[in-house]
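Worksheet: one structure, shown below.
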Amino acid sequence: MARLSVRQWSLAGLAFCVLMMAVALGLEHIVGLEPCPLCIFQRVAVIAAGLVFALAAIHNPAGRVGAALYGVLGLAAVGGGIGVAGRHLWLQSLPADEVPSCGPGLDYMLEILPLQEVMNMVLSGSGECAEIDFLFLGVSLPGWTLVGFIVLALAPLGMLLSAMRERG
């Protein structure tokens, strides 16, 4: 890998986040696919990573501590996205008789339940998250999102490498 600065890694990560959100919003508003609760959580992870990358690009820390901090924060956001996408893929792989029943909508749950309980309910899954509405090259959307998060992980890893280079 080339010796990129924290700002360059951040801008690359931010650009990839924008691309991921553009695809998600295009599939929703142009193709007409409604996002399930796990899809929405994956979007939150993309946005969180994008915010970390935007702050890192604006700040452009010169020292290793700042580069490491942004790298760890970015990796945490991306890791959360990888976890949710993996969970989504697992739900989609379940046999039909093991798929959890559909629960209330995410908007309704957010209105009446504490956030921790909503997160537990969404991550435990629902029938709507197990449906495969769209395949591209034989891979479902959570599979492509997982690939996207793995590629996106290169940006915070690059920032951590930058921090290590500063050290040695």
Side-chain angles (χ1 to χ4, degrees), residues 1-92 106-107 110 115 118-119 122-123 128-129 131-168:
M1 285 193 287
R3 291 183 161 230
L4 299 177
S5 69
V6 172
R7 177 171 280 159
Q8 290 167 324
W9 280 116
S10 301
L11 290 173
L14 180 60
F16 200 76
C17 287
V18 169
L19 174 67
M20 288 179 74
M21 284 305 300
V23 169
L25 292 172
L27 288 171
E28 180 180 354
H29 297 289
I30 297 170
V31 177
L33 296 176
E34 283 295 317
C36 72
L38 286 175
C39 292
I40 293 169
F41 276 29
Q42 290 168 68
R43 289 181 185 190
V44 169
V46 172
I47 292 167
L51 288 173
V52 170
F53 296 141
L55 289 173
I58 292 167
H59 181 210
N60 193 28
R64 67 178 183 214
V65 173
L69 177 66
Y70 286 120
V72 167
L73 290 173
L75 206 51
V78 172
I82 287 172
V84 174
R87 177 73 175 172
H88 200 165
L89 279 172
W90 176 78
L91 277 172
Q92 288 184 339
L106 184 60
D107 291 338
L110 286 170
L115 184 60
V118 171
M119 290 181 69
V122 169
L123 292 175
E128 68 178 310
C129 294
E131 293 176 18
I132 299 174
D133 295 329
F134 186 83
L135 293 173
F136 180 70
L137 299 176
V139 179
S140 68
L141 289 177
W144 285 112
T145 306
L146 180 61
V147 170
F149 278 121
I150 291 169
V151 171
L152 186 59
L154 293 174
L157 289 173
M159 285 188 250
L160 290 171
L161 284 174
S162 293
M164 290 172 57
R165 271 197 321 263
E166 290 287 325
R167 183 176 178 201

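In this text, all values refer to a predicted model and were calculated from it rather than measured experimentally.
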Let's go through Trp144 and Val23 carefully: what are the C-alpha distance in whole Å and the side-chain angles of both, what is the deciding distance for side chain to side chain contact (heavy atoms under 4.5 Å, CB included) to 0.1 Å, and is it a yes or a no? CA-CA 11 Å; Trp144 285 112; Val23 169; over 6 Å; no
What is the distance from atom [atom1] of [X] to atom [atom2] of [Y], rounded to the nearest 0.5 Å?
X     : Y      : atom1 : atom2 : answer
Cys17 : Phe53  : SG    : CZ    : 5.5 Å
Met20 : Arg43  : CE    : CZ    : 11.0 Å
Leu75 : Met159 : CG    : CE    : 9.0 Å
Leu89 : Leu141 : CG    : CG    : 10.0 Å
Ile82 : Thr145 : CD1   : OG1   : 11.5 Å
Ile40 : Cys36  : CD1   : SG    : 7.5 Å

Quick check: closest heavy atoms across [X] and [Y], and the distance to 0.1 Å?
X      : Y     : answer
Ala49  : Val78 : CB-CG2, 4.1 Å
Val6   : Ala67 : CG2-CB, 3.4 Å
Pro142 : Ala85 : O-CB, 3.9 Å

Would Phe149 and Val84 satisfy side chain to side chain contact (heavy atoms under 4.5 Å, CB included), going step by step from the backbone distance to the final call? CA-CA 10 Å; Phe149 278 121; Val84 174; over 6 Å; no
Please walk me through it: do Leu161 and Leu157 pass side chain to side chain contact (heavy atoms under 4.5 Å, CB included)? CA-CA 6 Å; Leu161 284 174; Leu157 289 173; 5.6 Å; no
Go through the steps for Leu33 and Glu28 under the test side chain to side chain contact (heavy atoms under 4.5 Å, CB included), then give the verdict. CA-CA 5 Å; Leu33 296 176; Glu28 180 180 354; 5.8 Å; no
Are Pro61 and Tyr70 packed together at the side-chain level, in the sense that at least one heavy-atom pair is separated by less than 4.5 angstrom? yes
Sub-4.5 Å side-chain heavy-atom contact between Trp9 and Pro156: no
Are Phe41 and His88, when compared by the centres of their aromatic rings, separated by less than 6.0 Å? no
